[in-house]
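Please read the structure below before turning to the comments.
Within every chain, numbering begins at 1; the chains are lettered A, B, ... in the order of the sequence lines, protein sequences first and strands thereafter. Since this is a predicted model, take the numbers as computed values, not measurements.
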Number of protein chains: 2
Amino acid sequence: MMSMNILEAFKALGNPTRLAILQNLREPEKHFPPQDEGDVNVDGVCVGSIQEGVGLSQSTTSTYLASLQRAGLVTSKRMGGWTYYKRNEANIKKLIELLGKEL
Amino acid sequence: MMSMNILEAFKALGNPTRLAILQNLREPEKHFPPQDEGDVNVDGVCVGSIQEGVGLSQSTTSTYLASLQRAGLVTSKRMGGWTYYKRNEANIKKLIELLGKEL
DNA sequence: TCTCTATATCTAAAAATATCAATATGAATT
DNA sequence: AATTCATATTGATATTTTTAGATATAGAGA
């Protein structure tokens, strides 16, 4: 299990789009359309759907998701041609606990 | 009382120096020298002492402190020629609670 | 008033980030 | 194998952040 790093998490979330992505992923079915393959609640949301939500280019969206993943805030799962991203709830919880202690 | 903004807090703390300043201010007497006027625990720490700790220029240190203050994470008090900065514990608590709910 | 001393602000340069278009990759299908 | 679709990566530019030096300000004391 990844050990969370406060600074890296802050850097990733200090951007309005990346913060919004993580927050929207709290209630996937509320913010993203249903998917043919993969349940948004179970498997995560594909990059294309996330891109529509944020209104930025495909490449920027992909880069942002990679950044959130490096910070340990989301996980990705490849299924066929799609990549599904979802929140890493365990790490987010860990981060909040860490903040309570060290911030 | 200022209402905390998650994004602004993340932006301010997504910098290693600013994060370290806030963390060092948790235990002022452990990280900063005693002051002739003003108790580091009660009144806060003057800019000069904070600057020594971070090893950056006076102007940068002052700018960083202003940024932390705009984000609601510290307060400042002017006494004579010195400005003393201390943590805004109420807002920091509020921020952590907000993160627990909204992040 | 003149001069220190501490801090804030202004200006400018260098470094990092944001962002997109183009291209590459990889899986599924024809 | 050629095509298509979704995503990742690369290359390039625009914007923001970082950072320091110079200057301004304000209080304390000679």
Can you give me the closest heavy-atom contact between Arg87(A) and Glu89(A), atom names plus distance? NE-OE2, 2.8 Å
Going by heavy atoms in the side chains, are Ile92(B) and Leu22(B) under 4.5 Å from each other? yes
Check the distance between dT9(D)'s P and Leu65(A)'s CG and give it to me in whole angstrom. 12 Å
Any side-chain heavy atom of Leu103(A) within less than 4.5 Å of one from Leu13(B)? yes
From CG of Leu13(B) across to P of dT17(D) the rounded distance in Å is 15 Å
Length of the line joining Arg18(B):CZ and dT16(D):P, which is rounded to integer Å: 16 Å
What is the distance, rounded to the nearest whole Å, between atom CD1 of Ile50(A) and atom C1' of dA8(D)? 14 Å
Minimum heavy-atom separation for Gln35(B) to Val40(B), with atom names? CD-CG1, 3.5 Å
Partner of Gln51(A) under side-chain contact (heavy atoms from CB on, under 4.5 Å), chosen from Thr61(A), Leu65(A), Leu56(A), Thr60(A): Thr61(A)
If I take atom CD in residue Gln69(A) and atom P in nucleotide dT9(D), what distance separates them, rounded to the nearest angstrom? 10 Å
Phe10(B) has an atom CZ; how far is it from atom P of dT17(D), in whole Å? 17 Å
A side-chain contact here means heavy atoms from C-beta on lying under 4.5 Å apart; do Asn88(B) and Gln69(B) qualify? no
Quickly work out the Leu7(B) CG to dA18(C) C1' distance and round it to whole Å. 14 Å
Taking C-beta and beyond as the side chain, do Leu95(B) and Leu73(B) meet within less than 4.5 Å on heavy atoms? yes
B/S/- along nucleotides 19-30 of chain C (protein heavy atoms under 4.0 Å) is BBBB----SS--
Would you kindly give the NZ-to-P distance between Lys77(B) and dG27(D), to the nearest whole Å? 17 Å
Are the side chains of Lys86(B) and Thr75(B) in touch, meaning some heavy atoms are under 4.5 Å apart? yes
Within residues 37-49 of chain B: residues closer than 4.0 Å to DNA chain C (heavy atoms): Cys46(B), Val47(B), Gly48(B)
Touch check for Tyr84(B), heavy atoms < 4.0 angstrom, all strands: base, sugar-phosphate only, or nothing? nothing
Between Lys94(B) and Glu97(B), is there a side-chain N and carboxylate O pair less than 4.0 Å apart? no
